[in-house]
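Below, chain A is the first sequence line, B the second, and so on; all start at residue 1.
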Amino acid sequence: MILDHLPALQVVVPLMAAPLIVLLRSGRAGWLIATLVSWFALAVAVMLFMRVQSVGVISYAIGNWPPPWGIEYRVDALNAFVLVLVSLIASVVLPYARTSIAAEVPADRHYLLYSMFVLCLCGLLGMAITGDVFNIFVFLEISSLSGYVLIGLGRDRRALHSAFQYLIMGTIGATFYIIGVGLLYLMTGTLNLADMTVRLAAVEETRPVRAALAFITVGLSLKIALFPLHVWLPGAYAGAPSAVVAFMAGTATKVSVYVMLRFVFGIFGVRLVLPDLHLLDMLMIFSAAAMITASLTALFQKDLKRLLAYSSVAQIGYITLGLSLANNDGVTASVAHLFNHGITKAALFMLVGGIVLRVGTCQVDALAGLARRMPVTCFGIVIAGLSLVGVPGTAGFITKWHLVLAALQDGQWWVVAVVGASSLLAAAYVWRFVEVAYMQPAPADAVTRSEAPLQMLVPACAMVAACIYFGFETSFSLGGARDAAAVLLGGLR
Amino acid sequence: MRDFFVLRVIAKLLIPFMLLFALYVQFHGDFGPGGGFQAGVMCAAAVIFYALIFGLPAARALVPDAVVESMLAVGVLIYAGVGVAGLLLGGNFLDYFVLAADPVAGQHRGIFLVEVGVLVTVSAVMLKIFYMFAGRSRNTPD
Amino acid sequence: MIRFASLFIVLFLFWVVLSGFFTAFLLGAGVLSALAVAYFAARMQFVDHEGYPVQLSPGLLVYWPWLFLEIMKSAWAVSKIILSPALPVSPTMVKFIPGQRSVVGLVTHANSITLTPGTIAIEVQHDEFVVHGLTRESAHGCVDSEMNRRVRRFEGQA
Amino acid sequence: MSALVDALSWACLVAGAVFCIIGSVGLIRMPDFYTRVHAASVTDTAGAGLLLLGMMLQAGFTLVTVKLIIIGLLILFTSPTATHALCKAALMRDLKPLLAEGEATSKR
Amino acid sequence: MSPQSLMLLAVAAPVLGALGVVAAQRHPNLREALSFAAAGIALACVLALAPSVLSGGRPEVVLLEILPGAALAFRLEPLGMLFALVAAVLWPVSTLYSIGYMRGNDELHQPRFFACFALAIACTLGLAFAANLLTLFLFYELLTLITYPLVTHHQDEEARHAGRVYLGYLMGTSLTLMLIAIVATWAVAGTVEFTPGGILGGEISNAAVGGLLALFVFGIGKAAVMPMHRWLPAAMVAPTPVSALLHAVAVVKAGVFSVVKVIVYIFGVDRIAGLTSVDWLPFVAGFTIIAASVVALRADNLKRRLAYSTISQLSYVVLAAALLTPLSVIGAALHIVTHAIGKITLFFAAGAIYTAAHKTQVSELDGIARRMPWTMGAFTVGALSLIGIPPAAGFFSKWYIMLGAAQGGHWAALTVLGLSTLLNAAYFLPIIYAAYFRAPADAAHPHGEAPWPMLAAMAVTTTLVLAFFCAADVLLGFAQQIAGGAAG
Amino acid sequence: MFTAAAAGLLVALALVLVRAVRGPSVFDRVLAANTTGTLSVMLLSVIGFLTGRPEFLDLAIIYGLLNVVGTIAVLKFFRYGNLGEPGKGGAE
Amino acid sequence: MTVGSHYSYWVTILLMIAGLYIVVARRNLIKKLIGLAIFQTSVYLLYIAPGKLIGGTAPIIAEGFTVYSNPLPHVLILTAIVVGVATLALGLALVVRIHEEYGSIEEDAILEIAERETTAQEQGGDRA
Ligand code: NA
Ligand code: NA
């Protein structure tokens with residue numbers, strides 16, 4: 001019986017945990033609850049994933065209002081995959097967060113942070129699970145608003161301004177999205193994703209529908225931080241507490257990409273997107289620009305978090321590039337990279353959090369000889385960095401393989417070249433860290449050996465291990481992405 | 001200038017009726033959506049009015065910060081709790097029909113409880129925001 | 001205690017009038033709401049001669065109709081001024097000592113002045129009212145006025 | 001009878017609307033802040049009062065009338081209070097009233 | 001033991017050895033013993049595998065399905081066997097030599113050195129066993145990464161610069177060109193398995209074959225075909241055993257091995273033999289042979305001269321494979337082996353000279369044979385092998401390449417080979433002449449031979465150079481199978 | 001006739017907005033906003049009549065109450081620069 | 001599409017552009033938030049303006065009995081407004097904190113201070 005309610009539990013449990021943590025007003029209890037909730041969410045997500053594998057699409061009517069009138073939670077191969085990704089990262093980051101947050105955030109705000117953390121988790125899971133376009137907006141805002149708070153909790157006052165900028169950009173993005181949704185609702189009279197897809201067929205050639213497509217794409221691009229709408233991201237990531245940024249970098253933009261996938265392929269369908277709007281062409285160009293420009297920018301960053309943030313912008317380019325290729329391998333790459341980049345970036349930010357804790361800064365120049373001081377951390381960064389580059393044997397390679405394959409199938413050689421150039425740039429910026437940490441002599445007054453505490457190191461290393469594991473064992477990441485691509489492209493063939 | 005008689009007297013007169021009106025809106029919310037929201041705004045406005053006339057410390061004594069924050073949480077919990085009650089009673093999440101023997105009564109009950117949650121949350125949020133801003137000065141002094 | 005009880009009753013009546021429904025649930029809710037609000041008002045220290053002047057209620061029945069007519073007369077006068085092309089205003093401020101003793105009486109007087117178009121009570125003290133008038137006549141009309149006497153009389157009923 | 005009430009309510013409504021417009025015109029025409037407050041009073045009192053009266057006549061002895069009365073009372077209590085607070089605040093922030101010639105603040 | 005488990009053990013042994021070295025980092029003797037033990041096990045495994053391959057066995061192990069249809073898998077075939085033999089045989093020898101060198105020069109970070117060395121061998125063996133392009137690529141990249149700490153062993157500014165060039169060229173080419181080539185192969189053929197006769201079907205055009213071949217040849221930067229050769233001289237800053245590893249045992253050999261393997265098992269010699277779009281490759285290889293030899297001629301630094309010699313010699317292999325005749329393919333396979341043992345001997349000698357006499361320049365070597373007769377003897381044999389003069393093994397491979405060129409009527413290739421032989425002689429013989437017949441310049445600075453482990457290692461490789469000349473049959477057996485596979 | 005009243009109220013609103021835009025002092029604007037409040041309350045009531053939906057009266061009451069609180073808040077802010085100061089009408 | 005709904009589109013677009021312009025052009029954080037609020041208002045208009053959305057009374061039939069009128073458009077606008085208010089409140093709270101920390105709510109001044117801090121930190125990094 002409880003199994004029938006998994007979709008609701010996936011969202012409700014984090015939702016209830018957030019106020020509970022506020023009520024308790026204790027950082028320690030908040031952390032404990034948040035961690036348990038994230039594990040619970042992971043268990044639910046995995047169960048949902050397996051159920052979808054065995055019984056197909058799961059539909060859950062909130063309040064027993066039958067869709068399309070009521071809100072429907074609808075789990076298929078695609079969002080089950082996203083649910084697992086989000087809850088997985090949360091459940092690894094939260095055990096890590098205790099020590100990291102204690103060092104970075106004043107104690108009287110801990111309970112607020114954990115409350116917002118689970119609320120953000122709830123929003124992201126809700127965005128992924130719901131089958132109602134307006135409900136997506138609500139969850140998007142839940143995750144965004146809690147995200148702004150989380151970022152603003154950074155100890156550096158620059159975090160405040162970053163959070164403000166993020167708030168402005170994020171709100172504009174969400175508003176664009178909801179304008180598009182309003183137009184669609186006007187034209188179709190429904191908010192249910194599946195229903196809308198059906199009803200849109202009759203009106204897809206009208207101007208409002210096209211305007212809706214434009215609004216939604218631009219709005220989501222802002223949330224995704226697609227180049228050149230990414231300006232909010234580096235500051236936000238650089239300023240936020242390490243655990244927060246590890247979680248958000250791994251999940252927040254990813255879920256927005258998921259929504260974009262749903263809209264571009266699920267609702268509008270390529271028959272609307274492809275022919276004369278050149279939407280996908282533009283997406284491809286912007287993605288390519290992101291991969292090159294942001295990587296180049298990353299190369300010249302002096303702050304490790306900022307470097308990784310720009311790298312995220314570039315990697316988001318990989319994801320949207322696969323989407324824009326709109327063939328089976330491209331979408332597979334896109335979905336798989338959601339996962340692969342998610343775990344890679346989470347691992348990197350978690351490790352950098354350890355550096356911030358021990359060194360007090362993550363300015364690249366201050367990290368000379370760090371490998372002697374924090375050998376495990378540095379080695380972890382190298383491994384995860386290789387995944388970022390896309391070296392075989394790492395998760396990042398799997399994605400790149402499919403991306404290049406997709407581009408070749410499309411005959412887009414220039415895209416292949418861009419992927420190549422971008423990986424080179426990635427190698428270069430990872431390289432900068434390696435050279436500083438491994439090759440430069442440590443300052444004379446450096447502490448001999450001070451690894452990050454185990455509570456932080458173990459989850460971070462688990463994530464690094466996942467980068468390797470999913471470089472070989474691809475039946476989940478790639479298999480899931482293939483199923484998801486089949487769901488998305490199913491209507492197109 | 002020593003006294004603001006007028007404001008004081010009128011506020012004393014008005015605030016109880018404001019609160020009662022808020023509760024009226026809350027309990028008669030079934031006849032249009034959003035009762036809890038408006039009622040929450042009114043409740044908060046009454047307290048804010050009180051704070052404006054009698055000062056922030058007086059208002060904080062009346063409704064302390066901790067209470068506000070707890071209300072915030074309790075409101076959300078009520079909302080979600082109703083949904084979970086639906087789950088526990090064998091329906092779907094937020095399934096009101098199972099909350100009473102008669103489905104229509106069940107729905108009444110469900111919506112009412114949810115609106116209570118909304119009332120508590122909305123008034124708490126507004127008060128929280130007010131408290132946050134009320135103590136702070138503008139940067140340009142008179 | 002009497003004040004509290006009568007506040008409760010007035011609030012409950014207010015509820016009934018607003019509601020217009022007489023189901024057990026809504027009446028019960030009304031009782032509870034009125035009680036709760038009355039309790040809250042008590043906590044705000046409102047239940048006193050200022051906040052809840054039960055003593056004055058009979059006088060209102062006489063005073064308000066008179067005030068309504070005054071307002072209409074003044075409104076007509078001000079309207080004529082507004083619509084006249086020459087805009088014949090002569091803004092004037094007067095100070096005078098009001099005749100009321102209680103706070104409620106002062107406030108009633110002041111608000112009546114303000115409510116009447118053409119005059120505003122700007123300063124309201126026990127020993128001094130400052131009134132701004134749209135014209136000389138309206139301003140000076142406030143001093144030792146009929147209104148002053150009526151409010152005093154109705155205040156005195158307590 | 002009902003025709004008479006209808007006509008009366010008609011008159012009240014139109015008169016109320018006209019007073020509202022007059023008040024607003026005054027709000028534009030009057031020379032300074034304090035004189036504008038007087039104009040606004042017309043809208044708040046005669047305008048609103050007559051409109052409410054018109055609607056009450058229309059609604060008859062019903063719940064609606066009760067609510068209209070409540071609205072009326074609300075305006076009766078709040079409008080002068082807000083006006084008074086506004087003028088007092090303006091005076092305190094040294095917004096000097098424009099006074100007619102020969103009229104210093106007189107005291108009796 | 002089954003051939004499958006032997007293969008796994010061969011790869012696992014160096015990894016375990018590396019772990020052991022790290023674990024025993026404070027105990028030099030134990031650590032070196034572990035290195036030897038691992039090397040011995042790996043060698044034993046590879047040797048045990050040889051007979052079954054020689055008799056036509058193609059043992060196969062599938063470890064993991066990484067991508068659908070492209071698993072992490074091993075399949076041993078003659079070319080891989082040959083390469084694995086080279087690596088497995090030369091590893092214990094170079095371990096022996098390294099012990100002498102590292103101790104003799106009091107090098108720092110020895111545990112790291114030996115651990116990385118062992119891991120590099122593991123990668124090399126994995127690469128040799130690879131059943132498909134994906135597996136090969138995986139080990140190729142790992143090899144780059146794991147040799148990086150070796151190249152930058154000294155961790156000074158020069159080493160850092162060299163490391164940057166090293167990684168830049170090798171990862172740059174592989175991550176862009178080679179990876180794309182692999183994916184493109186997959187896109188065309190639907191598989192990346194190494195298959196006798198190649199996997200590219202009829203549907204790929206002449207031009208596309210040419211483009212793909214270019215992606216592979218330039219993408220496999222380890223083969224050091226010009227202009228992708230710069231990393232090799234830059235990496236000379238590393239300690240000499242590392243150079244030996246790079247030049248003889250692992251890295252560059254992995255490069256040319258990959259090129260040959262791709263040409264033989266992906267393109268298929270017969271499939272592309274007639275295509276005009278691949279004609280450019282012999283010319284590029286030929287140009288590299290000549291140009292690198294000319295540079296070597298002008299280099300005074302001994303290791304630099306050897307480095308350019310390597311670039312030149314690698315292109316022999318590429319050229320031989322590109323000639324696309326059965327005999328030249330045999331020559332290519334043979335040359336991988338003969339160059340390996342010849343070049344390792346030369347590097348061993350160079351290292352011995354540096355250790356004993358602290359001399360690095362060719363011009364400083366006057367009369368050194370008097371003080372270091374054994375070393376210079378080994379050097380001479382190695383040089384003869386590279387020039388291609390009997391009784392050294394190099395003669396054989398060069399002979400087969402020339403036969404192949406003649407068989408295919410590639411007269412230009414023959415000319416290049418002849419010219420380069422002269423150039424080889426021109427840059428090696430003066431060294432030998434000076435060492436034996438010039439008077440030493442600094443008689444006041446006496447020194448003897450290098451430490452005995454280095455001498456012993458040199459003795460082994462020198463013996464191998466001579467032995468292979470006498471017992472070339474074994475090698476030939478493998479090589480002919482390759483040619484057979486290429487034709488099949 | 002409710003339509004006429006509504007139209008009249010709209011005209012009045014437009015005129016008030018002119019004052020709100022012209023200012024010149026902040027008090028003029030607050031005055032305009034306050035008058036807008038009264039007019040809106042009336043408009044809501046009239047619209048309720050016009051559409052036969054008495055709920056609008058409740059809305060009007062809510063609006064009226066919030067309008068007062070808002071006006072007082074703005075005034076207080078302009079007088080003291082903050083909202084929290086105990087008003088002089090407060091507990092002396 | 002009727003003329004009326006086109007009209008509402010234009011107003012929506014006007015508000016959107018005005019709001020966005022203010023967000024981009026003004027350097028004062030409060031003004032930015034005001035622009036943002038105006039921008040969000042355009043959404044409410046979009047949802048309210050077409051007559052067929054608001055006051056819709058299409059009954060929802062659930063298991064054979066009629067319950068309440070279709071509350072959807074109401075709920076949508078209300079939700080959007082709540083979200084808008086929450087965003088604005090959070091934005092204001094951030095501005096208050098920014099003002100506390102930087103002593104200014106002008107973006108240029110804040111960026112300048114932040115820039116200086118970054119430079120100082122980098123130089124600190126060099127020394128370390
Ligand atoms: Na309701
Ligand atoms: Na007046």
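Judged purely by atom type and a 3.5 angstrom limit, C/S74 has no side-chain atom pairing as donor or acceptor with the backbone of C/G118.
Of all heavy-atom pairs spanning C/V124 and D/H84, the tightest one is CG2-CE1, 3.5 Å. Between D/T43 and D/C20 the shortest heavy-atom distance is OG1-O, 3.4 Å. Residues C/I97 and C/D127 approach most closely at CG1-O, 3.4 Å, considering heavy atoms. In plain terms, the two heavy atoms of C/T119 and C/C142 that are nearest each other are CG2-SG, 3.5 Å.
D/M30 places a side-chain heavy atom less than 4.5 Å from the side chain of C/L134. Counting heavy atoms from C-beta outward, C/M147 and C/L67 have side chains that approach closer than 4.5 Å. By the 4.5 Å heavy-atom criterion applied to side chains, C/L27 and C/V16 are counted as neighbours. Under the 4.5 Å side-chain criterion, counting only non-hydrogen atoms from C-beta, C/M93 is in contact with D/P97. Within the 4.5 Å cutoff, side-chain heavy atoms of C/I120 are placed close to those of D/H38.
Using a 4.5 Å cut-off between non-hydrogen atoms, the part of residues 8-19 of chain D that approaches chain C consists of D/F19. Near-neighbour residues of residues 34-42 of chain C relative to chain D, defined by a heavy atom under 4.5 Å from a heavy atom of that chain, are none.
For C/H109, the side-chain hydrogen bond (donor to acceptor under 3.5 Å, both in side chains) test picks out C/Q100, with sequence neighbours left out.
Looking at D/L63, the atoms closer than 4.5 Å to chain C (heavy atoms on both sides) all sit in the side chain, from C-beta outward. Looking at C/V89, only its side chain comes within 4.5 Å of chain D, counting heavy atoms on both sides. Contact of C/I71 with chain D is made through the side chain alone, with heavy-atom distances under 4.5 Å. For chain D, no part of C/T135 is nearby; none of its heavy atoms comes within less than 4.5 Å.
Note: D/I70 leads D/I69, D/I70, D/L86 in heavy-atom pairs under 4.5 Å with chain C. Residue with the most contacts toward chain C among D/L91, D/L76, D/V25: D/L76 (heavy-atom pairs, distance under 4.5 Å). The candidate with the highest count of non-hydrogen atom pairs below 4.5 Å against chain D, out of C/A110, C/S112, C/S19, C/P85, is C/P85.
Side-chain atoms of C/N111 and C/T114 include no donor-acceptor pair closer than 3.5 Å.
Residue pairs that meet the ring-ring contact (aromatic ring centres under 6.0 Å, His included) test with at least one member in residues 63-90 of chain C, sequence neighbours left out, are C/Y63-C/W66, C/Y63-C/F154.
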